[in-house]
Amino acid sequence: MAAILLPAVLLGLTDTVCLAADVADTASPRTESVKDADRPVFTGSLYLWAAALEGTTSTLSSLPPAKIDLSFGDVLENLDGGIMGAAEMRAGQWRVLGDMMFTEVSPGGTLQGPSGADVELRTRSFTLQGDVLYHFYGSEALDLDAGAGLRFWYLHNKLSIDSGLVPGDITSSDSEAWADPVLAGRIRGRLGGSWDVTLVGDIGGFGVGSQLTWQVIGTLDYQCTENLALRLGYRALSVDYEDGDVLYDVRMQGPIIGATYRF
């Protein structure tokens, strides 16, 4: 659902977001001086996630559950817009991470039958995550962080039917919001030179919001300047949420590309 205005392109990158969902990635530790250890360090990321979508969803009370299996091309074809970004603050051994995604898609079609009514379903999806991690191990080759966070979900769907028989559209809309506690971790290994590899993951829900949600992000990172890192990798995000008639059991996955800038 990578609606995302190619912020990556605007920064001239070919790499991915060290983000992570919910977990934002930052400039490589190799660039952190002794002075940096005594003051907060801030980074920001913009990225493009070319995610496909599959699963089962029922987020409109007027419609039964439906199976979905959309490639990134299908999503892009009906994409109205969106934005994705991440940020991180480091202070001593602590890391505070934030990740945000917003997309809007509006697939349409025509109902079969004599009326031939035009149908449009507008779907807005917003995800916001915050994590607090503790840097409990660091060496020349490896860094390990672990902690916990919260992932907030908001979905809004609007169904519009223009039958042409009555003035105005027939509309139905519903929205759903929930929050999932998550346990999160991050591993960064240095490959030599300007190259790093980063693996970020989390798991949560535990019946508090969704039954289960998890995320994995793996990126190959290139430190092109002291402040700018380019990243390329793969991301998968899954959620299984059910509340009454609302069902949102989906998995989003695909390549991710982005840039991280250290301020």
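Below, each value reflects all heavy atoms present in this structure, side chains not excepted, and no hydrogens, waters or symmetry copies.
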- Query: Looking only at heavy atoms, which two atoms of Leu133 and Ala148 are closest? And how far apart?
  - Reply: CD2-N, 4.3 Å
- Query: Any donor-acceptor pair under 3.5 Å linking the side chain of Thr213 with the backbone of Ser238?
  - Reply: yes
- Query: Parallel, tilted or perpendicular for Tyr154 and His156, by the 30°/60° rule?
  - Reply: parallel
- Query: Asn157: what forms a side-chain hydrogen bond (donor to acceptor under 3.5 Å, both in side chains) with it, not counting sequence neighbours?
  - Reply: Thr59, Thr123
- Query: Hey, is the main chain of His135 close enough, under 3.5 Å, to the side chain of Gln93 for a donor-acceptor pair?
  - Reply: yes
- Note, Trp178 side chain near Leu155 side chain (heavy atom, < 4.5 Å): yes
- Arg190 (side chain) donor-acceptor with Ser139 (main chain) under 3.5 angstrom: yes
- If we only count heavy atoms from C-beta on, is the Met84 to Ile256 side-chain gap below 4.5 Å? no
- Message: For Gln211, is there any backbone N or O sitting under 3.5 Å from a side-chain donor or acceptor partner on Asp240?
- Response: no
- Query: Val216 versus Leu199: any side-chain heavy-atom pair under 4.5 Å?
  - Reply: yes
- Task: Answer whether the closest heavy-atom distance between the side chains of Asp99 and Leu97 falls below 4.5 Å.
- Result: no
- Query: Taking the side chain as C-beta and beyond, is there a heavy-atom pair between Met101 and Ser125 under 4.5 Å?
  - Reply: no
- Query: Between Trp153 and Tyr241, is the ring centre distance below 6.0 Å?
  - Reply: no
- Item | Partner set under side-chain hydrogen bond (donor to acceptor under 3.5 Å, both in side chains) for Ser71, not counting sequence neighbours | Asp74
- When Arg151 is tested against each of Asp131, Asp180, Thr127, Asp202 for side chain to side chain donor-acceptor pair (under 3.5 Å), which residue passes? Asp202
- Determine whether Arg95 and Glu88 make a side-chain contact, defined as any pair of heavy atoms from C-beta on separated by less than 4.5 Å. yes
